[in-house]
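Just follow the structure's listing: the first ligand is 1, and inside any ligand the first atom is 1.
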Amino acid sequence: MSIAGTQSAPPAWRLLLDYVRPHRWALLAGALLSLVTGGTGLLLPLVARGLIDDLSHDRTITGALLAMSALVVANAALGALGSYVLRRTAESVVLGARRKLSSYLLRLRISAVDRSEPGDLMARITSDTTLLREVTTDSLVGLGTGGLTLVATVVMMGIVDPVLLGVTLAVIAGAGTVLTLILPRINRASRQAQDAVGVMGASLERILGALRTVKASGAEDREERTLHAAAEESWRQSVRAAKWSAAAGNTAALSMQVAFITVLAVGGARVATGSIDVGTLVAFLLYVFYLMQPIQQVVGAITQYQTGTAALSRIQEALQLPAEPPSLPAQLPSPGAEPAALAFDGVRFRYADDLPYVHHGVTFEVPAQGMTAFVGPSGAGKTTVFSLIERFYDPESGAITLDGRDLAEWELSGLRSAIGYVEQDAPVLSGSLRDNLLLGNPDADDAAVTRVLKTTRLDGLIARLPKGIDTLVGHRGTRLSGGERQRVAIARALLRHPRLLLLDEATSQLDAVNEAALRDTVADVARTTTVLVVAHRLSTVTMADRIVVMDAGRVRAVGTHRELVTADALYAELAATQFLATTG
Ligand SMILES: Nc1ncnc2c1ncn2[C@@H]1O[C@H](COP(=O)(O)OP(=O)(O)OP(=O)(O)O)[C@@H](O)[C@H]1O
Ligand SMILES: [Mg+2]
């Protein structure tokens, strides 16, 4: 899947610096510690020389020995501290990216989620952020320390002999040209490897989310092939990236060998003509030798940076998906709050610009209090009405008002806190029954929970379970029956004391006894709240205060059951096929 953003992204290094900036002092400290460790390492030979000196002059060596031990211990301690600080900083960068991304994903617009694969988004949070770790420590620190050493060495070379420096730089420039050809390939391969990890996440999520269906369809082998294909693609691209990284590393090594030979040849000639003496040539060759490590380090850093920025661009794409504006959490309505009034006026809506209209000018009014039912054939746009009320989507034209105020003028959290919504497939989240019930109102007290369990007839179930309300329900509530899941979802919505209750086929899986009981509960709630229900079984809505008949994205008729059976042909037909008395 690709979720390429439309805006042009800032350059990768700027993005990377944004992530690193909060930790710049720690990073600097780590880099300094590493430098100091290197420095104390360099002191060791001097102390050793002193020790040998002392020995040869028959002096006591205790002082030199102590100094050497102290140096070794300090070196090890500083080295450990340095790598700990760097590693910790890198992890903090990863944490920062994960925090930012996960907060953002929770605010994504539903329309953006519709077009993405959750598994791929998951891979961006878990796997791509991990790649930032290396790019922070190895790459940035390597570039810093390696770069510094490189500059210092080049300066020294310039002092020793500018001509030979010119020769060396020419060779390095040649290698640099080759590297500029290789680096984009590393970047592209890393990007494709990470994309393949995303594809794998998406197929995994798809399969694990519906493993029963996959098994029942005997599709394991085919699904296995898809998974393996994604894993192999990631392997292929990672190997490609490894190949180019190896090429980059060896180009650097090769260039140094070439530089060595060229300097030897050119320098030899210069010695022969008397331009420089042998000592200068030897010193210069030593510097060429010293150049090797920082060059390897810098090239390694740049190579690493390619992988990091590939991951960074995937993270950035997710951060460019359309999101809802941030809004402060809103208070839930208090139990006795006024019911809400709702109106749709000429609402036209489609899920995307390239999809057909789902609502062609939907108009209806729902006064505060009472029960309004939405009926109509499958695909008529009933669930879409609810999605628009929750502002999961915005209509293209027309207006939706709650309490006479356009939805667009509501603070999103304020709007949603007024509403209790039971979705068509009554999702239950992994966790305990209690977690699920309190999801919409974490402050509900035990008395309220007990009351709601009773009205939704879940008290029997809870009494039967060994762990009662703390029983775990499994992924998407698979350890509950369909009807139990629906009742948990209703209880959850009721606990919010909503001013507007939306029930989408909320009792479709209940047995007749439970359904009748829930019908009474809902009728009861409708005395103090505005209740909107979608139902295919007309028997559940015949007593509604008004019924809105929808067909193909339009409202056909509004009235009571008694009025509609005579006034609307579609409703009469629905009623007749469901053996309801057409005379009311
Ligand atoms: N997220 C979505 N993205 C694109 N199209 C969608 C989306 N959700 C629904 N649709 C389309 O919108 C139309 C109306 O769907 P909606 O869910 O509102 O119907 P419904 O009246 O609730 O049907 P049912 O009785 O089967 O639940 C359908 O044709 C459906 O294919
Ligand atoms: Mg529906």
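Looking only at heavy atoms of the protein, atom 26 (O) of ligand 1 is closest to Ser378 OG, 2.5 Å. Of the protein's heavy atoms, Tyr351 CD1, 3.3 Å lies nearest to atom 5 (N) of ligand 1. The shortest contact between atom 16 (P) of ligand 1 and any protein heavy atom is with Thr384 OG1, 3.5 Å. Among protein heavy atoms, the minimum distance from atom 1 (N) of ligand 1 is reached at Asp114 OD2, 3.2 Å. At the top of the distance list for atom 23 (O) of ligand 1, counting protein heavy atoms only, stands Gly379 N, 2.8 Å.
Across all non-hydrogen atoms, the minimal contact from Leu388 to Pro395 is CD2-N, 4.0 Å. Considering all non-hydrogen atoms of both residues, Arg485 and Gly477 come closest at NH1-O, 2.9 Å.
Residue contacts with ligand 1: Met550 is excluded, as none of its non-hydrogen atoms falls under 4.0 Å.
Taking the six-membered ring for Trp, Tyr571 and His561 have ring centres closer than 6.0 Å. Aromatic pair Tyr357/Phe349: ring centres not closer than 6.0 Å. Aromatic ring centroids of Phe374 and Phe364 lie under 6.0 Å apart.
In this structure, the separation between CZ on Arg451 and CG on Leu495 is 9.0 Å, given to the nearest 0.5 Å.
Residue Tyr357 does not touch ligand 1, judged by heavy-atom distances below 4.0 Å. At a heavy-atom cutoff of 4.0 Å, ligand 1 is contacted by the side chain of Gln424 but not by its backbone. If you look at Glu505 next to ligand 1, there are no close heavy atoms at all, none under 4.0 Å.
Side-chain atoms of Ser417 come within 3.5 Å of backbone atoms of Gln331 as a donor-acceptor pair (strictly under, hydrogens ignored).
Less than 4.0 angstrom separates some heavy atom of Tyr393 from each of these atoms of ligand 1: 1 (N).
The angle that Thr383 OG1 and Gln424 OE1 make at the Mg ion (ligand 2), rounded to 10°, works out to 90°.
Note that atom 30 (C) of ligand 1 has no protein non-hydrogen atoms nearby, at separations under 4.0 angstrom.
Not one N or O of Val358 is nearer than 3.5 Å to an N or O of ligand 1, by distance alone. Here's the thing with Gly381: one of its N/O atoms is less than 3.5 angstrom from an N/O atom of ligand 1.
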Salt bridge (Lys or Arg N to Asp or Glu O under 4.0 Å), that's the test. Do Glu505 and Lys382 meet it? Break it down for me.
CA-CA 10 Å; Glu505 293 273 350; Lys382 306 180 295 292; over 6 Å; no

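The residue from Thr309, Leu312, Leu319 that alone fulfils the side-chain contact (heavy atoms from CB on, under 4.5 Å) condition with Leu15 is Leu312. Looking at Arg188, Arg314, Arg236 one by one, the single match for salt bridge (Lys or Arg N to Asp or Glu O under 4.0 Å) with Asp195 turns out to be Arg314.
Comparing heavy-atom distances from atom 22 (O) of ligand 1 across Leu355, Val113, Ile110, Thr383 singles out Thr383 as nearest.
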